[in-house]
Amino acid sequence: IKNYPTLFIANEFFDSIAIKQFIKLEKLWFERFVSIGNKKKAFFFDKKFNIKNFEKKIKYKISHKQNFIEYSEVGIEYLRNISKIVKKNYGGILIIDYGYFEEKMRNTLQAISNQKYSNILSNIGNSDITHNINFNLFKKIIKKNGDLQELTTTQRNFLIKVGIEQ
C-alpha cells in the first residue's frame, strides 16, 4: 500500500479467524483442544501450557488478571500490520464485529446452524463457527503497535451518530 491515506473496513472479519483458548485451573494454564478423530464423538481436552513462553512470543502479558483467554494469533497479526499502515499513511480502520468491552476475557466460542445456536461439537463441518471480539484487548494492541487514537462504540450508538434516525 502506497503512502496515501488508507481506510480499512473490517465487517465481521476478525470473528471469522481461528482462535486459541487457554484456561487457568488453580495456578496452572492449559490450552484447549478438540479431538475430532470421530466426528460423532468429538470432545474438548486440555493440555498443560506454558503461558510465560507464549507471552514472550506475543510480546504481551495477556494472562494478567485472566482465568480464561481467547486469542487469535493471525487476527492480532492482521491488527498489528493494519495499525502500522494506518499510522504511516494517516488512515483509519472501522471494525464492525460482535464483541464485548470488558477487561476480563470469557469463552465466546459458538456455532450457528440454520440461523440458530448449535452445539459446537455437533454437526462438524456444517455449522458456522465464530467468537466474539474482546475490544478491550484490541484497544491495547492498537495502542501498543500504532499508538493510534481509538474510538470504540456500540453498533447502536455508531448508527445514531451517522444518522440512521433521519
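The analysis underlying the following values was restricted to heavy atoms, covering all of them including side chains, and did not include hydrogens, waters or symmetry mates.
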Search all heavy atoms of [X] against all heavy atoms of [Y] and return the closest pair with its distance.
X	Y	result
Ser63	Trp29	CB-CZ2, 3.8 Å
Phe101	Thr153	CZ-O, 3.7 Å
Thr108	Asn132	OG1-N, 2.9 Å
Phe33	Glu31	CD1-O, 3.4 Å
Ile36	Ala42	CG2-CB, 4.1 Å

Stepwise, does the side-chain contact (heavy atoms from CB on, under 4.5 Å) test hold for Arg106 with Asn134? CA-CA 9 Å; Arg106 58 183 186 246; Asn134 180 323; over 6 Å; no
After noting the C-alpha distance and the side-chain angles of Lys52 and Lys61, does the key distance pass the side-chain contact (heavy atoms from CB on, under 4.5 Å) rule? CA-CA 8 Å; Lys52 299 297 177 202; Lys61 190 164 172 45; 3.3 Å; yes
Exactly one of Glu70, His131, Arg32 should register a side chain to side chain donor-acceptor pair (under 3.5 Å) with Gln21. Which one does?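 Result for side chain to side chain donor-acceptor pair (under 3.5 Å) with Gln21: Glu70.
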Is the backbone of [Y] close enough, under 3.5 Å, to the side chain of [X] for a donor and an acceptor to pair up by distance?
X	Y	result
Lys24	Gln66	no
Thr6	Tyr4	yes
Asn89	Lys2	yes

Counting heavy atoms not belonging to [X], are there more than 12 under 6.0 Å from its [atom1]?
X	atom1	value
Phe45	CZ	yes
Tyr60	OH	yes
Asn53	CG	yes
Lys88	NZ	yes
Ile164	CD1	no

Would you please test Met105 and Ile62 for side-chain contact (heavy atoms from CB on, under 4.5 Å) and show each step? CA-CA 10 Å; Met105 288 190 222; Ile62 196 165; 3.6 Å; yes
Are the side chains of Tyr117 and Ile112 in contact, using a 4.5 Å heavy-atom criterion?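 Yes, side chains in contact.
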Could you grab the distance from atom OH of Tyr78 to atom CD1 of Ile17, nearest 0.5 Å is fine?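 Taking OH in Tyr78 and CD1 in Ile17, the distance rounds to 6.0 Å.
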Separation between OG of Ser83 and CD1 of Ile141, rounded to the nearest 0.5 Å: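 These two atoms lie 9.0 Å from each other.
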Evaluate side-chain contact (heavy atoms from CB on, under 4.5 Å) for Phe68 paired with Ile23, printing each intermediate quantity in order. CA-CA 5 Å; Phe68 191 90; Ile23 186 167; 4.1 Å; yes
